[in-house]
Amino acid sequence: MITSDGGKVVGTIQVSVVKMGEIEDGEADHITTDVQGQKCALVCECTAPETVSRKDNLPFLNAVLKNPVCKLYRFPTSDNKWMRIREQMSESILSFHIPKELISLQIKEDLCRNQELKELGELSPHWDNLRKNVLTHCDQMVNMYQDILTELSKETGSSFKSSSSKGEKTLEFVPINLHLQRMHVHSPHLKDALYDVITVGAPAAHFQGFKNGGLRKLLHRFETERRNTGYQFIYYSPENTAKAKEVLSNINQLQPLIATHADLLLNSASQHSPDSLKNSLKMLSEKTELFVHAFKDQLVRSALLALYTARPGGVLKKPPSPKNSTEESSSQDPPPPMRRQDSIPHHSDYDEEEWDRVWAHVGKSLNCIIAMVDKLIERDGSGEGDDGSGKDGEKGHSLGDSVITHPQEDWYEQLYPLILTLKDCMGEVVNRAKQSLTFVLLQELAYSLPQCLMLTLRRDVVFSQALAGLVCGFIIKLHTSLYDPGFLEQLHTVGLIVQYEGLLSTYSEEIGMLEDMAVGISDLKKVAFKITEATSNDVLPVITGRREHYVVEVKLPGRMFESLPLQIKEGQLLHVYPVLFNVGINEQQTLAERFGDVSLQESINQENFELLKEYYTVFMEKMPPDYISHFQEQNDLKGLLENLQQNIQAKKRKNVEIMWLAATICRKLNGIRFTCCKSAKDRTSMSVTLEQCSILRDEHQLHKDFFIRALDCMRSVMVLGGGRGFAELFALPSDGQSQPPDSGCFWNITKLRIFGPCAVYHSGGSRDPEFLRTLQKFQDTHWIKEKKKLVF
């Protein structure tokens with residue numbers, strides 16, 4: 001039992017059979033434990049969480065991690081010293097928190113879109129029928145999301161989803177087996193080091209299945225078919241559709257902000273405060289300029305033209321303009337005859353310049369306000385500094401008297417009509433732009449129902465799983481590097497690289513998983529982080545935004561927040577750059593390489609290498625010269641990148657060197673590491689434990705004769721004291737034997753709460769020989785302990 005300084009019990013340690021050697025010349029003999037015939041330097045098994053030096057860190061960590069399980073080791077170094085290793089695996093409550101946050105946002109977004117479709121105005125029968133059909137399906141989709149959110153809110157048990165639940169409809173937004181795998185190394189001559197890997201099942205729509213492929217294939221097919229549609233639809237590219245959603249979002253955000261700043265300007269005028277008036281005007285001008293800039297895109301013009309054709313008779317009803325009576329009279333001309341309700345008319349049928357005039361009124365109204373404020377402040381200054389006999393003449397003197405005599409009424413009354421005009425002009429622009437851009441979204445939805453909505457659902461599911469892991473990894477990385485000035489500067493100057501190691505094969509249904517995973521990880525580029533100071537004990541992250549752009553707000557306790565750079569404390573958005581490198585390593589990959597196709601894996605690796613190289617280029621350009629010079633002395637990243645590129649282009653079978661090089665580059669760039677396979681069990685276990693032992697050997701001088709022993713220790717299930725002991729944690733078979741069934745199935749390490757990860761595989765000789773040879777040769781590691789037993 002472990003107690004804190006105050007006597008509070010904080011954890012327990014269970015000591016396995018430990019044999020202490022005699023101390024000679026200040027060195028201890030090997031500490032060994034007999035594990036199924038293997039000699040391992042295991043010290044003890046414990047359930048105490050990692051100690052934290054600062055009290056204010058505890059709420060922050062507890063918001064992410066739960067149920068830690070630990071192992072402690074001692075291994076000899078090459079100079080016969082001892083290094084101490086602490087392994088810790090923890091669940092994350094973000095597995096359920098992030099999906100619930102995300103689904104709530106998506107429900108609000110979809111409800112808002114449905115309302116905008118209803119407010120699209122009068123449409124011709126063709127388009128009106130399409131709108132009704134779209135709304136029916138969209139309402140059904142919203143109801144389904146609400147049902148899933150209700151069911152997720154009822155989940156109060158485990159804080160992770162086991163692989164046995166991946167086929168459950170209500171849990172499809174939740175990542176599989178999301179865990180933190182941490183190794184803390186204390187070396188006799190080197191500084192203590194932490195190595196974190198987030199392990200999670202491949203983000204994929206397991207419930208929906210992979211009969212028709214994954215997102216990468218489905219999205220490409222969908223866009224190809226849309227591009228070749230008949231005349232009844234208007235095709236907009238995915239980029240234009242995304243742009244329409246972005247402009248609509250900007251409108252919804254900027255319009256209330258402009259109205260608020262306009263009211264503040266009037267309030268400053270009523271108080272006759274020149275300084276406050278200037279500040280309010282500055283904020284109003286900045287937001288209005290952003291608003292005007294949002295409509296410069298040609299997409300708005302083409303959308304207005306398309307909407308024109310969808311109105312009954314092809315007439316765009318045009319409300320009168322605030323200041324142009326001549327334009328108002330010209331709008332009363334008889335409408336041109338309708339040619340075909342689904343065709344876009346020539347420009348002669350539609351006054352395209354009208355939108356320019358309406359749009360320009362916003363900028364002109366702002367200029368009038370700026371001119372009036374400058375005039376009022378100037379008159380106020382001259383009135384205060386003038387004794388009445390100045391050279392400004394009677395007009396200036398009388399205005400000065402008016403300002404001094406009736407300051408509040410004069411300033412407010414002169415600005416109020418101009419503010420009202422600005423709001424009216426802005427409302428007219430918003431009304432037209434929202435309707436036209438909503439019509440663009442209608443085209444995407446109307447093309448293929450319910451296929452379009454099912455693709456959106458699939459993408460939401462995959463993205464939710466990927467985002468939960470990303471938020472967990474970001475928070476852990478922020479916590480471990482919070483007092484590293486170089487990392488914090490990199491965080492707000494360049495952003496963080498997020499490297500995913502995929503172990504999926506390119507055979508059968510795992511092709512679809514890999515296609516889902518590639519799109520889900522790529523979609524993480526639209527996520528940004530913002531760090532704020534926690535105002536209560538609730539430090540769970542909060543998500544805002546829409547499908548095209550999400551912001552994750554990470555809350556830090558006061559003392560931790562104060563240690564951040566000014567740019568981060570002021571709310572600067574922090575960006576991440578996700579990359580995925582996949583190498584299939586199981587027997588199914590052997591079949592794919594011999595009889596199938598591995599082009600998907602090759603293209604994914606090549607595409608993501610280019611992204612990694614771009615990040616490295618930006619990193620070298622933007623980071624300070626003194627940091628870069630020190631960084632280059634410590635890391636040969638250029639050589640590692642060249643080596644990685646050569647291995648990707650070599651197209652070698654089961655080239656596991658790609659995994660090792662990508663992981664090494666990520667660690668040297670202060671990135672976040674992920675390891676994924678189908679369920680984050682078997683292949684993930686092998687990869688993570690091998691990576692840990694390789695780090696001990698390469699970075700901490702692990703004795704070469706103890707590499708395999710260390711690997712065995714991290715991978716072995718221990719059965720002590722006549723077959724029970726703490727092995728009861730592992731839910732052994734009813735006969736009490738330590739071996740799993742001969743069926744060739746791995747134990748679910750997370751479900752069984754085995755730390756390491758650990759599992760025993762009894763193949764009975766059924767494993768593919770080439771697969772075993774590939775694993776055996778990598779990094780001089782003997783993955784095969786015996787011909788008939790593989791321990792990991």
Side-chain angles (χ1 to χ4, degrees), residues 102 105-117 120 134 138 141 203 214-229 233-254 290-291 293-307 430 432-449 451-464 466-467 470 515-516 518-528 543-552 573 575-578 607 611:
L102 199 59
L105 277 179
Q106 290 162 349
I107 290 173
K108 292 178 182 178
E109 180 182 348
D110 290 347
L111 287 173
C112 180
R113 178 202 58 203
N114 293 355
Q115 185 62 31
E116 289 170 351
L117 285 172
L120 194 53
V134 166
C138 288
M141 188 65 66
L215 278 172
R216 188 176 170 112
K217 179 179 180 179
L218 293 172
L219 289 171
H220 176 74
R221 181 191 303 161
F222 179 76
E223 288 305 323
T224 302
E225 293 175 355
R226 275 189 64 208
R227 195 177 294 112
N228 299 324
T229 53
F233 298 102
I234 303 172
Y235 174 74
Y236 291 95
S237 68
E239 293 77 17
N240 280 334
T241 303
K243 182 67 177 178
K245 294 177 182 178
E246 180 184 352
V247 174
L248 282 171
S249 176
N250 290 338
I251 292 173
N252 293 331
Q253 291 178 7
L254 289 173
L290 289 175
F291 178 85
H293 181 75
F295 299 104
K296 286 185 177 180
D297 197 280
Q298 182 63 30
L299 175 63
V300 181
R301 295 171 179 270
S302 64
L304 283 167
L305 184 60
L307 181 59
V430 167
R432 297 192 180 203
K434 286 181 72 172
Q435 288 188 348
S436 63
L437 294 175
T438 300
F439 187 71
V440 173
L441 302 185
L442 178 63
Q443 308 307 308
E444 180 187 42
L445 294 168
Y447 160 65
S448 178
L449 289 172
Q451 181 185 2
C452 176
L453 293 178
M454 293 307 297
L455 273 178
T456 300
L457 170 64
R458 189 182 192 100
R459 199 165 189 171
D460 287 346
V461 165
V462 175
F463 178 75
S464 173
L467 182 62
L470 175 64
E515 290 174 341
D516 275 357
V519 174
I521 291 173
S522 177
D523 282 348
L524 293 176
K525 290 184 290 188
K526 59 190 179 185
V527 177
I543 306 176
T544 56
R546 63 190 190 284
R547 283 183 175 89
E548 280 63 46
H549 179 67
Y550 288 107
V551 176
V552 181
L573 294 182
H575 298 280
V576 292
Y577 299 87
E607 291 167 9
L611 296 175

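All residue numbers refer to positions in the sequence shown, counting from 1. Please read all numbers here as calculations on a predicted model, not as lab measurements.
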Is the backbone of [Y] close enough, under 3.5 Å, to the side chain of [X] for a donor and an acceptor to pair up by distance?
X    : Y    : answer
E444 : V440 : no
S464 : D460 : no
R226 : Y236 : yes

*Would V462 and R459 count as a side chain to side chain contact (heavy atoms under 4.5 Å, CB included) if you check the C-alpha gap in whole Å, the side-chain angles of each, and the deciding distance to 0.1 Å?*
CA-CA 5 Å; V462 175; R459 199 165 189 171; 6.0 Å; no
Could you pull out the closest heavy-atom pair between [X] and [Y], with the gap in Å?
X    : Y    : result
A466 : G520 : CB-O, 4.0 Å
P578 : I521 : CG-O, 3.2 Å
R216 : A518 : NH1-CB, 4.4 Å
F463 : L102 : CD2-CD2, 3.7 Å
A306 : I234 : CB-CD1, 3.8 Å
N252 : K434 : OD1-NZ, 3.5 Å

*Verify side chain to side chain contact (heavy atoms under 4.5 Å, CB included) between L117 and L445, making sure each step is shown before the conclusion.*
CA-CA 11 Å; L117 285 172; L445 294 168; 4.3 Å; yes
*asked:* For E515 and R221: C-alpha separation, side-chain torsions, deciding distance, then whether salt bridge (Lys or Arg N to Asp or Glu O under 4.0 Å) applies.
replied: CA-CA 13 Å; E515 290 174 341; R221 181 191 303 161; over 6 Å; no
_Distance in Å, C138 SG paired with M141 CE, rounded so as to fall on 0.5 Å steps_ =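 Rounded to the nearest 0.5 Å, the SG-CE separation comes to 8.0 Å.
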*Can you tell me how far the CD atom of E548 sits from the NZ atom of K245, to the nearest 0.5 Å?*
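These two atoms lie 4.5 Å from each other.
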*asked:* Could you tell me if the side chain of V552 sits less than 4.5 Å from the side chain of L470, heavy atoms only?
replied: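 A side-chain contact is absent here, since even the closest heavy-atom pair is not under 4.5 Å.
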*Could you give me the CA-CA distance, side-chain angles and deciding distance for L437 and L299, then say whether side chain to side chain contact (heavy atoms under 4.5 Å, CB included) is met?*
CA-CA 8 Å; L437 294 175; L299 175 63; 4.2 Å; yes
